S.K.: 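Take a look at the following structure, please.
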Protein chains: 2
Amino acid sequence: MPTNIRDLAQELQLSLATVSKALNGYEDVAAETRDLVTRKARERGYAPRAAARNLRRGRTDKIALFLNTGIDYVVDYLGAIIPGAVRSAQGFGQSLLLYTQTDADPEPLRQVCRAGEIDGIILFATHYDQETIDELLASRFPFVVMGRVIEDERVSYVAPDNYGGAYAATTHLLEQGHRRIAFLSRPELDTAHEARSRGYRDALQAASVPLDERLIVPTYIEPNSGRAPTQALLALEPRPTAIFAFHDQVAIDVIREVTAAGLAIPQDVAVMGFDGLRAGWMTRPTLSTVRQPLERIGERVVEIIQGQIAAPGGPAVQEELPVTLELRESA
Amino acid sequence: MPTNIRDLAQELQLSLATVSKALNGYEDVAAETRDLVTRKARERGYAPRAAARNLRRGRTDKIALFLNTGIDYVVDYLGAIIPGAVRSAQGFGQSLLLYTQTDADPEPLRQVCRAGEIDGIILFATHYDQETIDELLASRFPFVVMGRVIEDERVSYVAPDNYGGAYAATTHLLEQGHRRIAFLSRPELDTAHEARSRGYRDALQAASVPLDERLIVPTYIEPNSGRAPTQALLALEPRPTAIFAFHDQVAIDVIREVTAAGLAIPQDVAVMGFDGLRAGWMTRPTLSTVRQPLERIGERVVEIIQGQIAAPGGPAVQEELPVTLELRESA
DNA sequence: TGTGCTTACGAAAACGTTTTCGTAAGGGGC
DNA sequence: GCCCCTTACGAAAACGTTTTCGTAAGCACA
């Protein structure tokens, strides 16, 4: 049985109240007493029971991170985002609680909120239907969406600048002299797809390069989804001289197929990805890409939730963090 | 103000006790009453306050996962291990709490234990000094070490079969006819290094291939740590015909250097990794490797901690999970 | 009728804090 | 000597459960 505040008080000949106040930095306790208490607390290895404290204070200093592990590629981001988020949370005296959630069943999320298990929620890379979002808004429970733009002024989110990234990537390829630039899209990721797609189109238009719809080919969320589309692109006459892939995962398929076709990268076909995963360093040639500030996104999302916790129902914070063009070998 | 158990009781004209017992599956409540209570609870969206429940029951149904994000490569495992661990925990009605921890300062860990914030601890891929381990053992606080073998019969761990994996990898190379097989070691990772190193040596010995100490070259935990050692190996006379890298991260450096030297993989030099990271699929040629069952390790560690929680101070469970040789293109 | 057993429920304690409010002691000003 | 203010502390309520223990009601049995 570890020591509790009562033991401490008894040993110090003080009341519970005074000990508690000393430990929590209240003003109305003599400096001398405070020293005495803190010293004894350290000596006895006292830490207030979290449950009791949470119960009384009505908050837990915990934030939930809801993952949709059903979506395969989420896994690639996890390692990049989590360290930033955890560190940031710890900086606020909070810790991160992990939950998995399937789109189909919002019940776990509801449960966790109502049980007062956490102070706020981070929704990660998942498609939550409008109903869940509305429910959260109605309950005024603090939450922030991560990695995804939500078209609703009341919800906070942090996402990469998908439009700007795609625009920059396409512009770079144009500056390299490319005129036939293909785009491997990913319609399933609706908002990100819309933005990146628009960035691609706008960049072409800004350079007065006519859009060839045959150069826009969809890929889907499944392994090797970039391979067949790449083959199709390479068979076109005239062949595209550059391929901009929706994200790195697909770009890696592209590199494989282009190389297999006996073409040189970037001489015959330049390849550009999106995300900046570590894996991009491992291809040959290494992958030029648009780097998302994943660690920063993790940090930022935790920072933003603080505001939501302090003022539930307050104004939403919507941020699209700048991405950076990371030019390696493939473009 | 969400609904209370008191509200519920009042509305049902029952006592708190009965409502609580109905919801917790106690026997001494009429089936009819139980139905009434559960129905009303669902209707009102009632969930018991976690803090109050934890306080009373003396447990939290939460498990801490301590990460050492200071070590870069931990990040690569995170995405692979976490989904399994979270899902498994949820299966036990528990959730996972994430903390970062630096080797230098065990204070956060102590604090979390003493605050009763969690029921058990998973120590991941970190070098905890004997003092911390001893302290945990003395306190009888449930904990399991993940990814690392601990030479102490009292501590539970789940790790990959490092010895077997290295033995199998080396044996495979031998079966391919290789006689000069280099080993890029990683002395900093002491226990894993010892086991993999031993597997390599034993396999050579079993095949009666003499050990050439010049073929064992250390690498260190830093980016590109495999490049210079590979160059050194390639400069040897006679050149090694196969290189077994301590792990995939290094193997990727090897592939890069070997290719840069104008040598063909696997014809001139075969390359073998260890870990089975997704990144291994992205190299060219794809990396043959020893796959750790990372997801399974995550699950298993959560399962084992259940036993520790049920019987603190009980017998330790030590498991080395089988790895599988994953032959792709590089060997 | 008295005894004993089973069933279903309620009263109340306990979990360990934080925080509000009250108050005693001390000091200064008149 | 009186009043007021500040400082430092303590008593006690409150947070919302779970769980122990007591007991009333109903029934069977002798």
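Throughout, protein chains are lettered first and strands after them, A, B, ... in sequence-line order, and every chain is numbered starting at 1. Bear in mind that the values here come from a model prediction, so they are computed numbers and not experimental data.
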S.K.: Checking Tyr157(A) now: which residues fulfil ring-ring contact (aromatic ring centres under 6.0 Å, His included) with it, not counting sequence neighbours?
M.R.: none
S.K.: dT19(D) C1' sits how many Å from Asn24(B) CG, rounded?
M.R.: 10 Å
S.K.: Can you tell which of Asp61(A), Thr60(A), Asn24(A) makes a side chain to side chain donor-acceptor pair (under 3.5 Å) with Arg53(A)?
M.R.: Asn24(A)
S.K.: Work out which heavy atom in Gly147(A) is nearest to a heavy atom in Ala159(A); give both atom names and the distance.
M.R.: C-CB, 4.0 Å
S.K.: Could you give the distance from CD (Gln13(A)) to CD (Glu11(A)), rounded to the nearest 0.5 Å?
M.R.: 9.5 Å
S.K.: Is any side-chain nitrogen or oxygen of Asn4(B) closer than 4.0 Å to OP1 or OP2 of dT17(D)?
M.R.: yes
S.K.: Pairs in or reaching into residues 305-316 of chain B: which pass side-chain hydrogen bond (donor to acceptor under 3.5 Å, both in side chains), with residues at least two apart or in two chains?
M.R.: Gln94(B)-Gln306(B), Ser156(B)-Gln308(B)
S.K.: Using whole Å, what does the distance between atom P of nucleotide dA8(D) and atom CD of Glu32(A) come to?
M.R.: 10 Å
S.K.: Specify the residues of residues 42-56 of chain A, ordered by number, for which at least one heavy atom lies under 4.0 angstrom from an atom of DNA chain D.
M.R.: Leu55(A), Arg56(A)
S.K.: If an axis is fit to five pairs at each end of the helix from dT1(C)-dA30(D) to dC30(C)-dG1(D), what is the angle between the two, to the nearest 10°?
M.R.: 60°
S.K.: Is Arg114(A) paired with Glu107(A) through a side-chain N to carboxylate O contact shorter than 4.0 Å?
M.R.: yes
S.K.: Just one of Phe143(B), Tyr99(B), Phe124(B) clears the ring pair (Phe, Tyr, Trp, His ring centres under 6.0 Å) bar with Phe66(B), so which one?
M.R.: Tyr99(B)
S.K.: Can you pull every protein N or O that's under 3.5 Å from an N or O on nucleotides 9-12 of chain D?
M.R.:
from: dC9(D); atom 1: OP1; to: Thr33(A); atom 2: OG1; distance (Å): 2.7
from: dC9(D); atom 1: OP2; to: Ala30(A); atom 2: N; distance (Å): 2.9
from: dC9(D); atom 1: OP2; to: Thr33(A); atom 2: OG1; distance (Å): 3.0
from: dC9(D); atom 1: N4; to: Asp28(A); atom 2: OD2; distance (Å): 2.7
from: dG10(D); atom 1: OP2; to: Ser15(A); atom 2: N; distance (Å): 2.9
from: dG10(D); atom 1: OP2; to: Ser15(A); atom 2: OG; distance (Å): 3.0
from: dG10(D); atom 1: OP2; to: Thr18(A); atom 2: OG1; distance (Å): 2.6
from: dG10(D); atom 1: O6; to: Lys21(A); atom 2: NZ; distance (Å): 2.6

S.K.: Which whole-number value in Å describes the distance from Tyr26(A) OH to dT6(D) P?
M.R.: 20 Å
S.K.: Output the distance between atom CG (Asn54(B)) and atom CD1 (Ile118(B)), rounded to the nearest 0.5 Å.
M.R.: 12.5 Å
S.K.: Could you list all the salt bridge (Lys or Arg N to Asp or Glu O under 4.0 Å) pairs where at least one residue sits in residues 14-25 of chain B, not counting sequence neighbours?
M.R.: Lys21(B)-Asp28(B)
S.K.: Between Asp134(B) and Arg154(B), does any side-chain N to carboxylate O distance fall below 4.0 Å?
M.R.: yes
S.K.: Assuming nearest nucleotide by heavy-atom distance, tell me which of Glu27(B) and Arg57(B) is located more 5' along DNA chain C.
M.R.: Glu27(B)
S.K.: Do NZ/NE/NH1/NH2 and the carboxylate oxygens of Lys40(B) and Asp7(B) come within less than 4.0 Å?
M.R.: no
